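Everything below concerns the one structure shown next.
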Amino acid sequence: MKIAAIETIQAPDLPNQLYVQVLTDDGRTGLGETRNAAGAVAAWIHDVAAGALLGEDALAIERHWRALNPGLGFNATGVEGRGRSALDIALWDLLGQAAGMPLWQALGGAVRERVPVYNTCVGPGYTRRIPRVARLVSENWNIGGAAVADGFEDLQAFQDDAGALARGLLAQGIRAMKIWPFDRFAEAGDGHFLSLADLKRGLEPFRRIRDAVGDEMEILVEMHALWDLPHALRIAEALLPFRPYWIEDPIKADNTAALAEFARRVPVPIAVGETLATRWCIRELLAQGAAGVVISDVGYAGGITETRKIAALVECHQIPFALHDCTGPVNLMVNAHLSVHLVNVGLFEFARAFYHGWYREIVTVLPAVEDGNCLLPPGPGLGTRLSPAFLARTDLIRRN
């Protein structure tokens, strides 16, 4: 099965997304996805990666992964790393199709039939229409910037009445939620100042959740690496009475010693890793005790090939592993396969505003989520394709 063509697809209304299709000489199509700098990633795929892949065996996945090393070190999450990740996902999709198996089965089978989800409390417009790096936190929120599917403007909801949001999630069987009420205060002080009054305002959603549903809801705290170490520690200390499940990216991941200091002083697991690529970066986190949960994004970190290796490394340190979504429907499908296969995954990231919204415009199948659990996805391969309606759009930027 030889690689006959590589196609990249962009949609103007989704400027951050890049879809990649790898076509073989026997008529199969493998699907991949990555996010951010979509035009630059597409250019790298066609100008550089295609020369290494066209005419080659589509199932020589490990060899291709190494051949696509961008030459800048194995740690890069930039254009080359994202392109390599999307291509790797597409090649694994082809392997599953060739084997006639769902990806989770082709990887070696499932260790669980379902994995509990947590709802990342975004709205349908979150990060969707910003093709550049936002100068302000709120520019990425885009509240009201897209049609609200079934009323799921969860980003606005956790600010207005997090208790009511928690009750609504519990009614759907979802028992964990992720919120980021401190981001707007980081914007005001650039992460280097937080008044006591704003600290109390940021704690209000946590109080409302506990008042509304008690301990029935796990609360995951997202901090988006917006704070310096002293202020991240101040926030974490104030959060302790609300018993958060984890605190995610309290500071930037480019200083593992500072992350380790945070982890040493805060008796709540620190979740970190989604902005990093490859096992070499994660090895350093683990060596310094700077992570209580490791999170990877398969579309950034090196694709399925590298994500499996990261998970195995993390397992050796007796630490749970989690997969990042909030990025795209293909990524979500990959995460479903990996989450039932990898032994140290405990929770599945799920943004219901995306799942019931724009994700369904792009692909034919999404993983089933029932009573707060993601179920075994179907196959073969990823078990999903770009939808005919999406591919029929006349405004797509398609290059092969």
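None of these values were measured; they are calculated from a predicted model. Residue indices begin at 1 and follow the sequence shown.
Residues L323 and L347 are members of separate hydrophobic clusters, defined by side-chain heavy-atom contacts under 4.5 angstrom among Ile, Leu, Val, Met, Phe, Trp and Tyr. No chain of hydrophobic side-chain contacts below 4.5 Å, direct or via other Ile, Leu, Val, Met, Phe, Trp or Tyr residues, connects V334 to I295. By the rule that hydrophobic residues join a cluster once side-chain heavy atoms approach within less than 4.5 Å of another member, V330 and L23 end up as members of separate clusters. Both F348 and V345 sit in one connected hydrophobic cluster of ILVMFWY residues. Membership requires side-chain heavy atoms under 4.5 Å apart, directly or through other members.
The closest side-chain heavy-atom distance from P250 to V272 is not below 4.5 Å. Between M333 and P378, the closest side-chain pair of non-hydrogen atoms falls below 4.5 Å. Within the 4.5 Å cutoff, the side chain of F182 has no heavy atoms near those of the H231 side chain. Counting only heavy atoms from C-beta outward, the side chains of V268 and L239 never approach each other to under 4.5 Å. Contact annotation: the side chain of P329 approaches that of Y19 to within less than 4.5 Å [non-hydrogen atoms, C-beta and beyond]. Using a 4.5 Å heavy-atom threshold, the side chains of E284 and Q288 count as touching. Counting heavy atoms from C-beta on, the side chains of L155 and C121 never come closer than 4.5 Å. The side-chain heavy atoms of I209 and I179, taken from C-beta on, include a pair separated by under 4.5 Å.
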task: Show your reasoning for whether side chain to side chain contact (heavy atoms under 4.5 Å, CB included) applies to L91 and W65.
output: CA-CA 10 Å; L91 294 178; W65 195 93; over 6 Å; no
- request: Go through the steps for T384 and L366 under the test side chain to side chain contact (heavy atoms under 4.5 Å, CB included), then give the verdict.
  value: CA-CA 7 Å; T384 197; L366 289 171; over 6 Å; no
task: Check step by step if side chain to side chain contact (heavy atoms under 4.5 Å, CB included) holds for E370 and L375.
output: CA-CA 7 Å; E370 297 178 4; L375 308 184; 3.5 Å; yes
message: Set out, in order, the CA-CA distance, both residues' side-chain angles and the distance that settles salt bridge (Lys or Arg N to Asp or Glu O under 4.0 Å) for E349 and K178, then state yes or no.
response: CA-CA 9 Å; E349 184 168 18; K178 183 159 72 179; 3.3 Å; yes
message: Determine whether L386 and I362 satisfy the following criterion, side chain to side chain contact (heavy atoms under 4.5 Å, CB included), listing intermediate values before the conclusion.
response: CA-CA 6 Å; L386 294 177; I362 308 301; 3.8 Å; yes
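The two residues P367 and A336 have their closest heavy-atom pair at CB-CB, 3.7 Å. Across all their heavy atoms, P124 and E153 have their closest contact at CD-OE2, 3.8 Å. Shown here for A106 and G96, the closest heavy-atom pair between the two residues is CB-CA, 4.4 Å. The two residues D57 and R63 have their closest heavy-atom pair at CB-NH2, 4.4 Å. When all heavy atoms are compared, the tightest approach of A49 to L87 is CB-CD1, 3.6 Å. Nearest heavy atom pair, residue N344 against residue A311, reads ND2-O, 3.1 Å.
The CE atom of M217 sits 8.5 Å away from atom CZ of R175, with the distance rounded to the nearest 0.5 Å. For the atom pair N16 CG and T327 OG1, the distance stands at 10.5 Å (nearest 0.5 Å). Taking CZ of R167 as the reference point, atom CD of E216 lies at 13.5 Å (rounded to 0.5 Å). To the nearest 0.5 Å, the span separating CZ on R265 from CG on L233 amounts to 4.5 Å. Atom-to-atom distance recorded for L94:CG and L103:CG is 11.5 Å, nearest 0.5 angstrom. Note that NE2 of H337 is 12.5 Å distant from CG of L342, once rounded to the nearest 0.5 Å.
For R264 and E261, the salt-bridge test passes: some basic side-chain N is under 4.0 Å from an acidic carboxylate O. Checked for salt-bridge contact, R207 and E204 meet the test: a charged N lies under 4.0 Å from a carboxylate O. We find that R385 and D93 are joined by a salt bridge, their nearest charged nitrogen and carboxylate oxygen being less than 4.0 Å apart. Ion pairing between a basic and an acidic side chain is recognised when a charged N comes within 4.0 Å of a carboxylate O; R28 and D26 show such pairing. Using a 4.0 Å cut-off between charged nitrogen and carboxylate oxygen, R201 and D198 count as a salt-bridge pair. Taking a cutoff of 4.0 Å between a charged side-chain nitrogen and a carboxylate oxygen, R84 and E306 do not qualify as a salt bridge.
Under the ring pair (Phe, Tyr, Trp, His ring centres under 6.0 Å) rule, Y126 has a single partner from W180, F152, F158, W358, which is W180.
Using cut-offs of 30° and 60° on the angle between ring planes, the pair H324 and Y300 is tilted. The aromatic rings of H356 and F350 sit perpendicular to each other, their planes meeting at more than 60°, with 30° as the lower class boundary.
Counting non-hydrogen atoms of other residues, nucleotides and ligands closer than 6.0 Å to CZ of R393 gives a total above 12. The number of heavy-atom neighbours closer than 6.0 Å to CD of E237, taken from other residues, nucleotides and ligands shown, is 12 or below.
For W246 and Y118, the ring centers are positioned less than 6.0 Å apart.
Proximity of a side-chain donor or acceptor of R234 to a complementary backbone N or O of L194 within less than 3.5 Å is detected. For S387 (side chain) and V363 (main-chain N/O), no donor-acceptor pair under 3.5 Å exists by modelled atom type. Using a distance-only test at 3.5 Å, with no hydrogens or angles considered, no donor-acceptor pair links the side chain of E218 to the main chain of Y245.
Side chains of D325 and Y359: a donor on one and an acceptor on the other come within 3.5 Å.
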